Number of protein chains: 4
Amino acid sequence: MTGPAEAPPSRRQQDVQRSNDALLAAAAEVFATDGVDAPVRRIIAAAGVGAGTFYRHFPQRSDLVTAVFRHEVDACAETAAALAAEHEPVEALTRWLQQVGRFVADKYGLKPAMHSGEPTYRSLPAYFLERFTPALAQLLEAAAAAGEVRTDISPDDLLRAVSGIAAPEDPAYTTRMVALLVDGLRRL
Amino acid sequence: MTGPAEAPPSRRQQDVQRSNDALLAAAAEVFATDGVDAPVRRIIAAAGVGAGTFYRHFPQRSDLVTAVFRHEVDACAETAAALAAEHEPVEALTRWLQQVGRFVADKYGLKPAMHSGEPTYRSLPAYFLERFTPALAQLLEAAAAAGEVRTDISPDDLLRAVSGIAAPEDPAYTTRMVALLVDGLRRL
Amino acid sequence: MTGPAEAPPSRRQQDVQRSNDALLAAAAEVFATDGVDAPVRRIIAAAGVGAGTFYRHFPQRSDLVTAVFRHEVDACAETAAALAAEHEPVEALTRWLQQVGRFVADKYGLKPAMHSGEPTYRSLPAYFLERFTPALAQLLEAAAAAGEVRTDISPDDLLRAVSGIAAPEDPAYTTRMVALLVDGLRRL
Amino acid sequence: MTGPAEAPPSRRQQDVQRSNDALLAAAAEVFATDGVDAPVRRIIAAAGVGAGTFYRHFPQRSDLVTAVFRHEVDACAETAAALAAEHEPVEALTRWLQQVGRFVADKYGLKPAMHSGEPTYRSLPAYFLERFTPALAQLLEAAAAAGEVRTDISPDDLLRAVSGIAAPEDPAYTTRMVALLVDGLRRL
DNA sequence: TATGAATGAGAATTCATTCAT
DNA sequence: AATGAATGAATTCTCATTCAT
């Protein structure tokens, strides 16, 4: 998009980036601990910036939630992508869904926002699916091509179900129930 | 059941009951619309009572949430119980779980509280399981006795999964995923 | 005032008296513990009567405070009166003031009201003085007649000072300072 | 005193100081009029600041009371200190105690808090004594060295007694009774 | 006359957001 | 662009008092 002449970021731009990163990191931490409804004050305190800086970067509170969410989803999508190549279709599918389950459980503070249904957070599940659906579709197709799973379940349905089941306080339960979903898939 | 010792409720007691019912009904409505964090003001306005009455009946805010939740769970448990007798084991099991899914989806505002993990609402999932587990255990046993489902999945796990999956805005999805769980159960 | 034909109190009158006594006793207890600003609810709970009964007996909140105060003052005045006859003038005077000091300290919850200066409680110090001044005046006169104390300090001043000094949490201090006042009196 | 390291306060710091001063002054006024239990609303209205500012400066209500109290005590302690040098021992002692008496009487609303015994205000009498005891101790020692007063009365006892006696509505009475205490002191 | 449920005004406090510096 | 003090609306909760029974 931009040519090779792209100038190095100025000092000012670096500062801006630093603030942004600090806010994102602080918010991820605070959201995980206290949920998305945590007071802004706590986030800016954790980030070590002023309130004004916060609102400059994220004019709407939901902008921050969205940004954190995307950041997390991106990170998960990247690590999940690698799994596909290393295992048998069903094994890869299972491991991948388990990983998604763990991810949602880990980012616990964001789960309520994702499932809240509030118009403000409408874009959260959309982005979640946007990032994960393609990969899962591939895994499902591969397994279906091998005759191992049925074809009447959409990747989106599966992803929603996994994210709904994921429970941070009980990883073993999460694992068991994701496995049960996969078993359901294998019942042709 | 009603012996001579059971006096009819006095007018006074009826009034108290009316206030309580009004608050419960109003809260159920408001919670479903605006979530459990809806301002008390809205609930008392909807119930047509004063703030003092509210706090007399439910000294802690969470007392109201708990009461509404129990009320709803009781109602669902009652209707669910009837299903068991009318259908074949797996059919009864499926219908029952579907109904639980619809129930959780309907009582939308309560779901986040149930899954919030906050100590205040610790008793919600406990009560949910307390009421539903016995019935589901019977259904599972009947189906297992008929050799139709496996025996390594606990009723509690299933109930948690169904309540996690339930999505108010998409009943069809809820139905599909509950069905997928049952399919998983049938994979012996 | 009423002749010997005075009828025995009716059942109704007895009930009224009982409620009144219960409220007075409960209020004395609660005031001593929580101060005169204690919620009415606590008093009626302690008295075991309804709110309506309370307001029937004491239409103004301050009516109760006044009634309790008078009740206490009366009790103290009665016991104090006896001292005068048994001791030498200065000894009687000292003992009497010490007793008043202990009384005020004991009825601690009422002290702030007495010294609050609020118009509502204007009558409290007045009644206090009304009941105690005559006795103290006599003691002072007797001691003055014996040439033991000076004559330029009024009983009212002394009573106010003693009641101001009285400290419930430190009886020894109260005793010391009342003694110091008496020493002042003896400096002719 | 003011070395080069002491930067002049920034405009921002000045504003903060102004808010603080305004709150302190307003509270002193309101407390004197309506007592320490006066609604916060009245104080912030008088100070011309927002509620948030109030709670920023004094997170706990008692923080404000404490701050006002210390402010007043400091002011009195400063003016009282000067007296010692100008008069004969007993005269200085008398004038000083009279001044303390006037001070307590003037800061009327604070007196109940100081004598309330509530744990919240535990620090009030402590600070009062902390500031006044040393000065009074010196005055007492000087007078005792001159053989004018006795030595068995502690400065703390005296200060408590004076503050208990002080009556805002009757300065003459306060003066008379403080004088009586001093007379007691002189009775060797 | 006693009861106690209901009322609702009022108080404390929090917190998102603005804006002068 | 960053800061953080100030704002003030919004919310929860308390409690004196009323009034139908």
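The structure presented is a predicted model; accordingly, all values stated were derived computationally and were not measured. Just the heavy atoms: all of them, side chains too, but no hydrogens, waters or symmetry mates, feed the values below.
With rounding to the nearest 0.5 angstrom, the OG atom of A:Ser123 is 11.0 Å from the CE atom of A:Met114. Taken from NE2 in A:His115 to NE2 in B:His115, the straight-line distance is 10.5 Å, to the nearest 0.5 Å. A distance of 12.0 Å separates CZ in B:Arg70 from CG in B:Leu24, rounded to the nearest 0.5 Å.
Residues D:Phe31 and D:Leu64 approach most closely at CZ-CD2, 3.9 Å, considering heavy atoms.
Distance CG (A:Asp63) to P (E:dT17): 10 Å, rounded to an integer number of Å. Spacing between atom CZ of C:Arg56 and atom C1' of F:dA16 amounts to 18 Å, rounded to whole angstrom units. For the pair B:Asn20 CG and E:dA5 P, the computed distance is 12 Å after rounding to whole Å. Distance D:Arg18 CZ to E:dA20 C1': 13 Å, rounded to the nearest Å. The distance between atom CD1 of B:Ile44 and atom P of F:dA10, rounded to the nearest whole Å, is 16 Å. In this structure, A:Phe58 atom CZ and F:dA1 atom P are separated by 15 Å, rounded to whole Å. Straight-line distance from the CG atom of D:Asp15 to the C1' atom of E:dC19: 12 Å, rounded to whole Å. Remark: P of F:dT17 and CG of C:Leu64 are 12 Å apart, rounded to the nearest angstrom.
Toward the 5′ end of DNA chain F lies the nearest nucleotide of D:Gln17, the other residue of the pair C:Asp37 and D:Gln17 mapping further downstream. Looking at which nucleotide of DNA chain F each of B:Ala38 and D:Val49 is closest to, the 5′-most match is held by D:Val49.
Close to E:dT1, at under 4.0 Å from its OP1 or OP2, lies no side-chain N or O of C:Ser19.
Taking only side-chain atoms of A:His57, from C-beta outward, the nucleotide of F:dA2, F:dA6, F:dT3 with the closest atom is F:dA2.
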List, one per line, each side-chain donor-acceptor pair under 3.5 Å for residues 42-62 of chain B, sequence neighbours excluded.
residue	atom	partner	partner atom	Å
B:Arg42	NH1	B:Asp34	OD2	2.5
B:His57	ND1	B:Asn20	ND2	3.0
B:Arg61	NH1	B:Val36	O	2.8
B:Arg61	NH2	B:Ala38	O	2.3

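Residues of residues 23-36 of chain C having a heavy atom closer than 4.0 Å to DNA chain E: none are found.
Side-chain atoms of B:Leu110 and B:Leu124, non-hydrogen and from C-beta on, never get closer than 4.5 Å to each other.
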Could you go through nucleotides 13-15 of chain F and list every protein N or O atom that sits under 3.5 Å from one of its N or O atoms, giving the distance for each pair?
residue	atom	partner	partner atom	Å
F:dC13	OP2	B:Tyr55	OH	3.1

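A search for salt bridge (Lys or Arg N to Asp or Glu O under 4.0 Å) contacts involving A:Glu29 returns nothing, not counting sequence neighbours. D:Arg18 pairs by the salt bridge (Lys or Arg N to Asp or Glu O under 4.0 Å) definition with D:Asp15, not counting sequence neighbours.
When the C1' atoms of four end pairs are superposed on the next four at each end of the helix from E:dA2-F:dT21 to E:dT21-F:dA2, using five pairs per end, the two resulting axes differ in direction by 10°, to 10°.
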